[in-house]
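Residue numbers start from 1 in every chain, and the chains themselves are labelled A, B, ... in the order their sequence lines are given, proteins ahead of strands.
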Protein chains: 2
Amino acid sequence: MVAVVDVARVAGVSTATVSRVLNGHPSVREETRQRVEAAMQSLNYRVTVAARSLRTSRTRMVLALVPDFANPYYAEIVRGLGASAREHDYELLLCDTGLSEARERTVAQMLNRHFYDGVVCMDPYTTQQMVSEEVRSLPWVACSEFVPDEQIPHVSIDHRLAAKDAVLYLLAKGHRRIALINSDERYLYAQQRRDGYRDALREAGLQERADYIQIVGGIDHPLGELAARRLLALDQPPTAVFAVADTLAIGAIKATMASGRQVPDDLAVVGFDDVPLASIFEPALTTIAQPRRELGEHAMQLLLRRIAGEMPSSVTLAHTLVVRRSA
Amino acid sequence: MVAVVDVARVAGVSTATVSRVLNGHPSVREETRQRVEAAMQSLNYRVTVAARSLRTSRTRMVLALVPDFANPYYAEIVRGLGASAREHDYELLLCDTGLSEARERTVAQMLNRHFYDGVVCMDPYTTQQMVSEEVRSLPWVACSEFVPDEQIPHVSIDHRLAAKDAVLYLLAKGHRRIALINSDERYLYAQQRRDGYRDALREAGLQERADYIQIVGGIDHPLGELAARRLLALDQPPTAVFAVADTLAIGAIKATMASGRQVPDDLAVVGFDDVPLASIFEPALTTIAQPRRELGEHAMQLLLRRIAGEMPSSVTLAHTLVVRRSA
DNA sequence: TTGTACGCGTTATCAT
DNA sequence: ATGATAACGCGTACAA
């Protein structure tokens with residue numbers, strides 16, 4: 001393995017000078033710098049992160065905790081994180097936390113190895129709450145989900161307002177019987193979107209109906225089908241439904257069409273997230289889009305400032321209502 | 001930061017003994033081991049990877065190069081990789097290579113940092129060919145895609161045979177006019193699936209028709225729509241089509257239905273990969289499923305053997321034809 | 001069975 | 001502007 005000492009020998013300088021060149025230190029004569037760089041070239045020198053890290057306790061590597069790789073929602077966020085990281089000469093690595101508490105320990109170990117300069121966490125807030133204090137000692141920011149009332153910087157949209165917008169849109173279309181399909185109210189986003197749904201109804205002077213609220217415990221599309229079947233079986237079925245996830249919305253559409261009804265004529269459906277499938281599915285989904293890439297970019301910027309010792313405040317980004325055919 | 005020397009002091013032993021305990025070395029008296037472990041506990045000691053790596057030039061971390069995070073095809077492979085890695089006390093990290101040759105340099109840098117014990121590469125073979133020799137000096141295996149005629153162990157299905165099976169199924173259903181929608185024949189899988197298509201036709205004594213072969217250059221569903229529109233506009237349109245990717249197949253179905261025709265009655269469609277969307281879409285897709293999780297598990301096993309200094313031979317796993325409604 | 005002492009490759013301090 | 005050298009935390013050869 002070729003080390004700084006080898007480069008130094010070839011360039012006819014000391015290891016200190018090589019190190020200075022390596023780190024762009026200004027106090028190196030131009031001619032010397034060139035000689036050193038030539039030597040690095042010819043020897044094909046590569047810095048050894050382990051050694052550097054041992055010395056500086058910095059690796060210029062950051063870790064993102066991704067709850068679920070199969071969920072395309074995260075893909076674009078990860079792109080944003082990566083782009084922003086590379087821009088500042090950091091390398092982004094990913095870890096699939098798999099939504100399972102069993103993996104929690106493994107992840108904790110990873111974090112405890114004194115290896116990453118910082119962490120972007122996208123896990124649901126229940127999981128985040130479990131993360132031990134010691135681990136949190138490293139620079140840490142949350143993206144998308146976050147623990148309310150905690151001093152951890154995060155970036156997110158205003159889920160409550162977004163949900164309200166979705167329902168206001170249905171109201172504007174003339175709907176008065178609007179149902180909610182929610183996933184699992186242990187998630188923060190689920191609580192907030194439910195609140196937004198209520199806000200809109202209240203603002204329209206409508207009474208909330210318990211039988212119009214379906215909490216199905218997850219976001220897989222069969223759960224959406226189940227919810228829709230229940231809603232359609234009511235004496236007075238809703239004419240529109242707001243689902244807190246696109247997958248749930250698509251399930252709802254499938255069940256509606258399977259029952260011989262039409263979307264959006266018999267039941268208008270609005271989803272949330274604008275996953276790729278939303279535009280592919282027939283009828284294409286009206287949904288709330290999150291600025292996923294920007295979410296990632298901002299989260300990384302927050303993290304880099306944390307690493308630099310600052311304590312930046314959280315940011316909230318704007319959502320969009322994407323109107324397609326389903327409502 | 002608490003180091004071995006601290007543990008040693010508290011336990012009343014030398015750093016060497018602490019190290020031995022840490023690495024499960026047998027020659028430590030039970031009582032001593034317990035004392036050391038207690039000390040580690042009370043001090044909340046965590047090994048510093050950087051230091052260990054510097055000493056051993058091992059990190060027990062492996063890297064997977066993922067061409068495209070947004071493609072759910074890789075999610076399950078990654079799960080397999082991760083499970084298998086953890087089973088052997090390795091940690092899996094991921095890097096989004098983003099299918100772009102611009103990123104190639106960055107990735108090369110990551111690999112060159114002497115940091116990972118090995119690499120699982122899922123990039124298309126054109127990209128793999130560009131990876132420089134020096135980088136390949138680390139333990140390296142390919143998963144899914146691979147460079148033919150190279151001595152790099154890989155795991156994959158037999159794409160050619162799988163494609164042949166798909167087309168044989170259509171033939172068995174009585175179809176004689178069968179088209180092919182291919183993506184980009186620079187990809188190995190695309191070449192192989194095209195060959196399989198030909199194999200089946202030849203075996204059935206059918207002539208290959210140039211106008212039945214649509215090469216669209218990618219796998220996004222609008223490309224599938226385009227191809228289907230072209231096929232349906234022919235004087236003698238096909239009655240069935242084999243698309244080399246589910247997304248293409250879905251595009252084809254959309255275009256078919258948009259033209260007022262029915263799937264599978266007017267055009268039967270078979271896809272490839274069995275992505276999640278395949279079972280959600282209406283009509284649900286008949287497709288070839290790859291054993292994705294096993295692909296990942298086997299790839300990691302190959303890699304770990306490479307790391308151990310062996311040179312295992314490649315493995316081919318079995319595919320399955322999943323019959324649903326589209327054909 | 002346990003301890004002493006050195007070196008892995010790098011950066012930073014203090015000289016010069 | 002550059003050089004000598006001491007750490008950083010760990011594993012291991014060699015000694016005891």
**Student:** Please identify each residue that fulfils side-chain contact (heavy atoms from CB on, under 4.5 Å) with A:Ala318, with sequence neighbours left out.
**Tutor:** none
**Student:** Which word best sums up how the rings of B:Tyr189 and B:His159 line up, parallel for under 30°, tilted for 30 to 60°, or perpendicular for over 60°?
**Tutor:** tilted
**Student:** Need to verify one output field. Residue with the more 5' nearest nucleotide on DNA chain C, A:Ala3 or B:Arg20?
**Tutor:** B:Arg20
**Student:** Out of B:Leu93, B:Val119, B:Ile307, B:Leu81, which one pairs with B:Val62 under the side-chain contact (heavy atoms from CB on, under 4.5 Å) rule?
**Tutor:** B:Ile307
**Student:** Side chains of B:Asp273 and B:Gln290, heavy atoms from C-beta outward: is any pair under 4.5 Å?
**Tutor:** yes
**Student:** Could you check whether B:Ala16 gets within reach of a base, just the sugar-phosphate, or nothing at all, counting any heavy atom under 4.0 Å?
**Tutor:** base
**Student:** Hey, are the side chains of B:Arg52 and B:Asn23 touching, using non-hydrogen atoms and a 4.5 Å cut-off?
**Tutor:** yes
**Student:** Quick one: closest heavy-atom pair of A:Val28 and A:Val21, and the distance?
**Tutor:** CG1-CG2, 4.1 Å
**Student:** Mind jotting down which residue pairs meet the ring-ring contact (aromatic ring centres under 6.0 Å, His included) criterion with at least one end in residues 2-41 of chain A? Sequence neighbours excluded, please.
**Tutor:** none
**Student:** Specify the closest pair of heavy atoms between B:Ser144 and B:Ser156, including all atoms of both residues, with the distance to one decimal.
**Tutor:** O-OG, 3.6 Å
**Student:** Please figure out whether B:Ser14 or B:Arg55 has its closest DNA chain C nucleotide nearer the 5' end.
**Tutor:** B:Ser14
**Student:** State, yes or no, whether a side-chain contact exists between A:Leu94 and A:Phe69 at a heavy-atom distance under 4.5 Å.
**Tutor:** yes
**Student:** Answer whether the closest heavy-atom distance between the side chains of A:Asp117 and A:Pro139 falls below 4.5 Å.
**Tutor:** no
**Student:** Compare every heavy atom of B:Met300 with every heavy atom of B:Ala85, then report the nearest pair and how far apart it is.
**Tutor:** N-CG, 3.6 Å
**Student:** Could B:Asp89 and B:Arg60 be called an ion pair, given the rule that one side-chain N must be under 4.0 Å from one carboxylate O?
**Tutor:** no
**Student:** Using a 4.0 Å cut-off to any heavy atom of chain B, which nucleotides of DNA chain D are the first and last in contact, reading 5' to 3'?
**Tutor:** D:dG9 to D:dT12
**Student:** Base, sugar-phosphate, or nothing for B:Ser19, non-hydrogen atoms under 4.0 angstrom?
**Tutor:** base
**Student:** Once you build an axis from the first five pairs and another from the last five of the helix from C:dT1-D:dA16 to C:dT16-D:dA1, how far apart in angle are they, to 10 degrees?
**Tutor:** 30°
**Student:** From the 5' end of DNA chain C to its 3' end, which nucleotides mark the outer limits of contact with chain A, defined by a 4.0 Å heavy-atom distance cut-off (strictly under)?
**Tutor:** C:dG9 to C:dA12
**Student:** Do A:Glu37 and A:Gln41 get their side chains close enough for a donor-acceptor pair, meaning under 3.5 Å?
**Tutor:** no
**Student:** So what does B:Val13 hit on the nucleic acid, given a heavy-atom distance under 4.0 Å: a base, only sugar-phosphate, or nothing?
**Tutor:** sugar-phosphate
**Student:** At a heavy-atom distance below 4.0 Å, what parts of residues 22-40 of chain A sit against DNA chain C?
**Tutor:** A:Leu22, A:Asn23
